[in-house]
Enquirer: 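One structure is given below, represented as structure tokens, and several questions about it will come after.
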Amino acid sequence: MTNHAGSAASTPKVSLRGITKSFGSNTVLHNLSLDVATGEVVSLIGPSGSGKTTLLRCVNLLEHIDDGAVLLDGDEISAIGRDPNPVRRRVGIVFQSFNLFPHMSVIRNITLSLTKVLGQSHDDANAHASGLLRRFGLSEKADVYPDQLSGGQQQRVAIIRALAMRPEVLLLDEITSALDPELVGEVLDVVRELKGSGITLLIATHEMGFAREISDRVCFLHSGSVAEIGSPLQMFDSPSDERTRQFLRRVMP
Amino acid sequence: MARGLHRRTGHQPRLTQRQQHERQQRRRSSLIAATSTLVVLVAVLVLVPRMPRWDRVKQSFFDVDQMGDSFPRLIDAFWLDVKIFAWTTPAIFALALLIALARNSRSPALFPIRALAAAYTDVMRGVPVILWIYLVGFGVPGLGIARPFNSPLLWGSVALAMTYSGYVAEVFRAGIDSVHESQRAAARSLGLSSTQTMRHVVLPQAIRRVVPPLLNDLVSLQKDVALVSLIGPIEILRQAGIDKSKFANFTPFVVAALIFLSVTIPLTRLTDYLWQRERRRTSGTRVAA
């Protein structure tokens, strides 16, 4: 049932091999396997509780898996006792609830990890952050505090904050779910711009139209495993799994 | 925030019936408040002097000559209170922060430190301040430590700092716990270590939130500094006691109380102001009536 499509030629950027994760007696991910190629955009869709968020959090080691392995460029990052910090520099995440640091200005939100983790000088970090803010039309918000921004602006800053670390993989965890409908567009525009830049994107989303448009492959999760995976065309127009069909009927009437 | 601003600037705009009504309501509330205050004040001023022994009380508690005589000595002695306060405060904050961080450590290897920190706060908050000042202030110098490290003043204030750090540590801990886990997740996901996360992301937010309760503890500390006098140092409370015995008059105590108030009231007002500001910021729009 699980279909490992994609680039067989080279090592996958991210490889999940039979991962299992439980919280107490609740098994959230069940022997789940998924390979994502370098530069590929993969969307995770599925009902609430199907394990999308947990899957993403396992990739950047915010959660420890119970069994299986997570590989980054063929290197087992989920190995016991491994320092998660170097991995997290390479794998960024953007959260549903933005999670900007409220006591820091926008630019400081972005430069904190550049100076403290990458050891950049304040000048270098500021220049880099300013450049990104300019690129995404947020220059005039550099010295503003998060509370003074709209939800859409906050989420764009959160994306920039993750991008500033120049991650190889970016995990987007339902980044538009907490936004007013008219603000969704500006955030998705930022993601559109990232596609094709070489960054690998793993996107948990409820925006079916967006998933269809941006994804190289769409992955339907059900009860913690991959029920079906394929091209957007195949997934949305002729899904083969009954559960995928049912889910899509419910969310796309 | 901009509420009411437009009304004051420029010309008087016409008020709607609703606004007129609300303005009337506000005036009525102020009038009631002013009247009730006045009634209480007059009652006190009229009734107290009519008490049968008022003359005696006035003589022994409010003797104006005695006030003038004691005041310079008391102010001098108060200087010692200020000094004790000034050096215990940073010690308390540093110690309390250390204990709060120890209690918040998550590493299993640090369990003994966590347990020790928990025991410390339990003991410090469980023993009356005076008792602790006696025990440490007399006990430690009794070990025969060389001068100047055997002064009861030093160890008395150490005892005070120990007790207060127990309370303040709990305030810090509450602040740290109040920072949402998602803030830690965001910081860690950017590659910050747990120490960096605590220092740059969690603590700054935690401390900001607990400034009002911390100031509250400072107000309280200012008064409790006087307790150190019980083991010898002549600070204001003790000086007032000496004056009382010498002149057989309680007025020095009243003067001492006024001196304390002249410092604690401004600090209390500041605490209140910061409290209100924090409340306004975090609790959203107030409901109308």
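The figures here come from the full heavy-atom set of this structure, side chains too, leaving out hydrogens, waters and symmetry mates. Labels below follow one simple rule: chain letters A, B, ... track the order of the sequence lines, proteins then strands, and each chain is numbered from 1.
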Enquirer: I'd like to know whether CZ of A/R17 has more than 12 heavy-atom contacts from other residues, nucleotides or ligands below 6.0 angstrom.
Expert: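 At most 12 heavy atoms, drawn from other residues, nucleotides or ligands, come within 6.0 Å of this atom.
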
Enquirer: Given a strict heavy-atom distance threshold of 4.5 Å, which part of A/V87 is in contact with chain B: side chain, backbone, both, or neither?
Expert: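 For A/V87, neither part sits under 4.5 Å from chain B.
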
Enquirer: If you count the non-hydrogen atoms of other residues, nucleotides and ligands that lie under 6.0 Å from NE2 in A/H30, is the total more than 12?
Expert: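 No.
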
Enquirer: Who are the side chain to side chain donor-acceptor pair (under 3.5 Å) partners of B/S220, not counting sequence neighbours?
Expert: B/Y164

Enquirer: Which residues from residues 101-119 of chain A are near chain B, with near meaning under 4.5 Å between non-hydrogen atoms?
Expert: A/F101, A/P102, A/H103, A/M104, A/L112, A/S113, A/K116, A/V117

Enquirer: Which of residues 140-176 of chain A get closer than 4.5 angstrom to chain B, counting heavy atoms alone?
Expert: A/R161, A/A162, A/M165

Enquirer: Heavy-atom count around A/L194 CG within 6.0 Å, excluding the residue itself: above 12?
Expert: yes

Enquirer: Locate the shortest heavy-atom distance separating B/A186 from A/F95; write the atom from each residue and the value.
Expert: CA-CE1, 3.6 Å

Enquirer: Relative to chain A, which of B/L192, B/V179, B/L190 shows the most heavy atom pairs under 4.5 Å?
Expert: B/L190

Enquirer: Give a yes or no on this: more than 12 heavy atoms of other residues, nucleotides or ligands lie within 6.0 Å of atom CZ of B/F111.
Expert: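 No, CZ of B/F111 has 12 or fewer neighbouring heavy atoms, counting only those of other groups under 6.0 Å.
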
Enquirer: Take a 6.0 Å sphere around CZ of B/R199 and say whether it holds more than 12 heavy atoms from other residues, nucleotides or ligands.
Expert: no

Enquirer: Of the non-hydrogen atoms in A/L62 and B/A185, which two are nearest, and what is the gap between them?
Expert: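 Reported closest heavy-atom pair: CD2-O, 4.0 Å.
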
Enquirer: Residue by residue, scan residues 64-73 of chain A and write down, ordered by number, those that have a heavy-atom distance under 4.5 Å to chain B; if none do, write 'none'.
Expert: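 When heavy atoms of chain B are the reference, residues 64-73 of chain A contributes no residue within the under-4.5 Å range.
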
Enquirer: More than 12 foreign heavy atoms under 6.0 Å from CH2 of B/W79: is that the case here?
Expert: no

Enquirer: With a 4.5 angstrom heavy-atom cut-off, is it the side chain or the backbone of B/Q183 that approaches chain A, or both, or neither?
Expert: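 Backbone plus side chain of B/Q183, per the 4.5 Å heavy-atom cut-off to chain A.
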
Enquirer: Give a yes or no on whether B/Q24 atom CD has more than 12 heavy-atom contacts from other residues, nucleotides or ligands under 6.0 Å away.
Expert: no

Enquirer: Judged by atom type as modelled, is there a donor-acceptor pair below 3.5 Å linking the side chain of A/N99 to the main-chain atoms of B/S182?
Expert: yes

